[in-house]
Amino acid sequence: GTGSAGLFGAPKEELTVSNLQLLDFSITTTNGSAGALAGLMTNTVNVSNVVAYDTGTTATGISGTVSAGGLIGYMSSGKVETSAASVIVSGGSNANAGGLIGSITVSDTEAQVTACYSGGHTTDGMYTGSPYDVTGGAGAGGLIGRMNGGAGAMVTACYSTCSATGTEVGGLVGSAMNGSIEGCYATGLVSGTTAGALVGDNGVPISNSQYFEIINEIKDTDGNFTGYLAAVGTGTGTLTNVTALDADTATYNTFAQLVDPTDPRDPEPSASSPYDVKLTEYYGSTYYLKGIDQMYSSLDSDAFVKTHYGDWPAPELFVENIRN
């Protein structure tokens, strides 16, 4: 269709939604913003304990030409907390796209995104880039495509396992011009003109955050390995305690909270719903990285997002043989 699209297309009043699961949503608009929950939110939004994900082995999609997000296409103020999305998100040639939120543009207030995540999709435990979980013509991020304007967005205790591609692209946020990022991590494959494992174009303070380094290798024109993508592609935002969570085996094992540090298949048990049959074969219903209930102590014990929906990179492939 045309115009903003979602369960709520473009609400004219403040929107408050909680305790909702959106299953197998497929939304496309050829002239507007799109998200499973809402396409365009120019008024205050208050979202908690809302998830959008696929119940089958093939992901459904969200597609918008202005902004596209797994949960919300565009928002200007309010709060999104203890919420998640795991769908394929695509934006048009000039669109911002994010696994959870496509674009946040704040005027005289601020937006808060707390204890949220976006789940990716893999093949045999690997990101193939075909397709990327998030594709945007402008800003593209595993969690948020673009943060801009006013006080900006405060992103706290969030993570993304999505792959992303775009012009300004990051495993967590594609372009962050205002706001802050604290206590977050990203594991996804990223590809774009200005690319960072966490943020592509960064103008905000990032603190106490991690990223998977080995996922994003840099190679020369002959295909030879030359290094790994940095946390940030470009920008002047300050970085405090921003590190690669797979910098060494001990760091990774601590982050993954392994019961037996010698065995990557033995993490503390937590529920998950991987689409990748290889992940199911290896790990059953265990998500081995930190979930938001481990990152955010105030998480409601009944929150849907304690379960990880979506896929992640298999540690045997990316961590066990690190720095060989």
Side-chain angles (χ1 to χ4, degrees), residues 1-54 59-92 95-107 109-119 133-134 136 139-150 152-155 158 160 162 173-174 303-305 309:
T2 61
S4 298
L7 179 66
F8 302 96
K12 301 299 182 183
E13 305 292 336
E14 179 175 322
L15 178 67
T16 299
V17 182
S18 60
N19 303 325
L20 178 66
Q21 297 190 59
L22 305 172
L23 307 181
D24 303 319
F25 264 56
S26 182
I27 296 174
T28 299
T29 177
T30 57
N31 185 29
S33 296
L37 179 65
L40 177 67
M41 277 301 308
T42 55
N43 295 290
T44 302
V45 57
N46 294 288
V47 174
S48 64
N49 215 21
V50 176
V51 296
Y53 66 95
D54 304 294
T60 52
I62 306 293
S63 179
T65 56
V66 178
S67 287
L71 202 64
I72 298 173
Y74 171 97
M75 65 176 284
S76 60
S77 65
K79 298 179 180 180
V80 179
E81 56 187 4
T82 59
S83 296
S86 184
V87 295
I88 301 297
V89 179
S90 60
N96 298 308
L100 187 77
I101 302 170
S103 181
I104 302 176
T105 300
V106 183
S107 54
T109 58
E110 66 182 22
Q112 297 179 16
V113 182
T114 307
C116 294
Y117 75 83
S118 49
D133 294 306
V134 179
L143 188 79
I144 300 169
R146 184 178 297 272
M147 295 159 43
N148 195 25
M154 301 174 66
V155 182
C158 294
S160 172
C162 290
V173 179
F304 301 141
V305 289
Y309 298 100

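Under a 3.5 Å cut-off, the side chain of T65 and the backbone N or O of G32 do form a donor-acceptor pair. In terms of modelled atom types and a separation under 3.5 Å, the side chain of N49 and the main chain of S18 share no donor-acceptor contact.
In this structure, CE in M147 is found 10.0 Å from CE in M154, a value given to the nearest 0.5 Å. Annotation: the span from L7 atom CG to L71 atom CG amounts to 10.0 Å, rounded to 0.5 Å. Atom CD1 in I27 sits 9.0 Å away from atom CG in L37 (nearest 0.5 Å). Interatomic distance, OG of S67 versus CD1 of I144, reported as 12.0 Å (0.5 Å rounding).
Side-chain polar atoms of S77 and T44 form a donor-acceptor pair below 3.5 angstrom. In this model, a donor atom of one side chain and an acceptor atom of the other lie less than 3.5 Å apart for S160 and S118.
Side-chain contact between L100 and Y117: absent, with no pair of heavy atoms (C-beta onward) separated by less than 4.5 Å. Under the 4.5 Å side-chain criterion, counting only non-hydrogen atoms from C-beta, L143 is not in contact with I101. Side-chain atoms of N148 and N96, non-hydrogen and from C-beta on, never get closer than 4.5 Å to each other. Considering only heavy atoms from C-beta on, V51 stays 4.5 Å or farther from L22 through its side chain.
Within the structure, ring-ring contact (aromatic ring centres under 6.0 Å, His included) pairs that include any residue of residues 10-54 comprise Y53-Y309 (at least two apart or interchain).
Looking at residues two or more places apart in sequence or on another chain, you find no ring-ring contact (aromatic ring centres under 6.0 Å, His included) involving Y74. Shown here are the side chain to side chain donor-acceptor pair (under 3.5 Å) partners of S90, two or more places apart in sequence or in another chain: S63.
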*Given I88 and D133, is the side chain to side chain contact (heavy atoms under 4.5 Å, CB included) satisfied, shown in steps?*
CA-CA 5 Å; I88 301 297; D133 294 306; 3.6 Å; yes
